[in-house]
Amino acid sequence: MYKWVISLAFYSIFILVFQVVYLASAADHYTRADFPADFIFGSATSAYQYEGAAFEDGRTPTIWDTYVHSANNNGATGDVTCDGYHKYKGDVKLMSETGLEALRFSISWSRLIPNGRGPVNPKGLQYYNNFIDELIKHGIQPHVTLYHVDLPQALEDEYGGWLSRKIVKDFRAYADVCFREFGDRVLYWTSINEANAAAIAGYEYGFIAPGHFPSSKVSSRNQTYVVGHNFLLAHSAIAKLYKNKYKATQKGYVGINIYAWGSVPHTNTREDIIATQRANDFFIGWLIDPLFFGDYPETVKMNAQTRIPAFTEYESKQVKGSVDFIGVNHYLTVSIMDRPITSDIITRGFDADKALWIIFDQGQPAPGEYPVMPSGLYGVLEYLKQTYGNPPIYIHENGQMTRRNGTLMDTSRVKYMHAYIGSMLDAMRNGSNTKGYFVWTFLDCLEILDGYESAFGLYYVDLDDKELKRYQKLSGKWYSNFLKGGNVISEPSKNAPFHLRSGFSQ
Ligand SMILES: *[C@@H]1O[C@H](CO)[C@@H](O)[C@H](O)[C@H]1NC(C)=O
Ligand SMILES: *[C@@H]1O[C@H](CO)[C@@H](O)[C@H](O)[C@H]1NC(C)=O
Ligand SMILES: *[C@@H]1O[C@H](CO)[C@@H](O)[C@H](O)[C@H]1NC(C)=O
């Protein structure tokens, strides 16, 4: 989401990049055994980013296909990507050899139910049954996301997709098929991936599907809020369905997922501290408050005015209490500075009004990489614990971005994972009810913002090779060592149980 930060920052008056003294507390030396036995460590993929086979066996186009095939994209598509649709068996074997305890992946709605509504596609059903069986055979727990930016294009064309309440009925019917067909083996269900970011980036800034960039006319700029509202209604509808129809027999859990960056005040001034709370209200509270309190935060309502839909009493009751866990995708920390209201903010961009976004520059990361700032994750986990009564949390995505240039020596990814997993352990030691951690991503795949330019994988995929051969990176080896009970330390030395070797390959 690096570019998201850039685009938000673009709307600010200026960007400050600065250094902060960070009081490091992250656990440095830990092993798998420091985490509870029922804690789950895994990695993640998503359907469009991993499967390929975009036009095969009855799958129909989604808004993501349409978006990447449009003229303003750089030509990178998910037509083939890692070809997981055909190569999943080998990949599950690699996951098993790596020691993954769980895999978070998503189901392609339009592969299972072409055009989004109507009969189930037997080939799609068979693919997911095979995939889930393969995971289970290897002792890998499946965690399924139902919606990951890939709305069937047919529903977008028919009624505007997530902008219409009609989506709730179709999403419920799709979820019903998934619960019925896969719920005997899948216990962990996430309704919507990065619900907040999907609404903001898809309907305010237009840099992910469906690429809406509403006009600057304030009155018409309500799409982000309307979509957010429909996400919540759709989520709560399937949570209710699961509870009434499946929970007693299947005994699983339904949650939602948000993108959460760490937010810290730029200075210790009262204004910046209040602005930081406002940023948390906009980016976390906007969609999480209703799930716990039945309404949007006051700050958001006040700033969004009539553009944000009001909950009816019935909706509020449905939404409140409809999550068993919160899924968190975390990569970055930003610092927040107060800013005076100007008409510029009101007419352009998401109205998180007075907050100014600043990329938090910890040290000097290489170009195209994220700063390592594990206190940001700690802060998010503390915030969720303190604000929402310590709900169960799954870190569904966390990982380091690098350039996709063929190197397997991804030391910056090792450093990043080491620091963030340590910070999560610290948060858990202070009471956070975090129950799982998934590295984004298992294999280098189509990335949402820049196609194949950046990479997050534990494995490199050679796109020039007809077989799309996979190669383990240093990070894959590091994670595997950790999962298998080895010690990890931050600066591997030659005496360390695991150390960096030059010329490492495979
Ligand atoms: C959103 O804006 C459109 C166009 O101005 C309007 O028709 C619609 O009623 C608005 N929706 C909400 C929920 O405010
Ligand atoms: C690949 O990118 C990394 C930064 O992500 C850089 O350190 C490294 O030198 C690059 N390698 C090549 C071969 O370009
Ligand atoms: C640890 O948790 C307590 C209770 O929620 C909280 O008051 C305290 O600020 C936390 N400590 C840190 C260092 O986050």
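Order of appearance sets the numbers: ligands from 1, and atoms from 1 within every ligand.
For the 3.5 Å distance criterion, the side chains of Asn193 and Arg104 qualify, holding a donor opposite an acceptor.
Put simply, the side chain of Tyr203 does not reach to within 4.5 Å of the side chain of Tyr225, judged on heavy atoms.
Around NZ of Lys169, the count of heavy atoms belonging to other residues, nucleotides or ligands within 6.0 Å does not exceed 12. Summarising the local packing, NZ of Lys247 is surrounded by more than 12 heavy atoms from other residues, nucleotides or ligands at distances under 6.0 Å.
Protein residues with any heavy atom under 4.0 Å from ligand 3: Tyr378, Glu382, Lys385, Gln386, Asn430.
Looking at ligand 1, you'll find an N or O of Asn222 within less than 3.5 Å of one of its N or O atoms.
Listed by chain and residue number, Gln153 satisfy the side chain to side chain donor-acceptor pair (under 3.5 Å) test with Asp157 (two or more places apart in sequence, or in another chain).
Although no hydrogens or angles enter the test, the distance criterion places a donor-acceptor pair under 3.5 Å between the side chain of Asn257 and the main chain of Glu194.
Contact atoms of ligand 1 toward Thr306: 14 (O) (distance under 4.0 Å to a heavy atom of the residue).
Ion pairing between a basic and an acidic side chain is recognised when a charged N comes within 4.0 Å of a carboxylate O; Glu158 and Lys166 show no such pairing.
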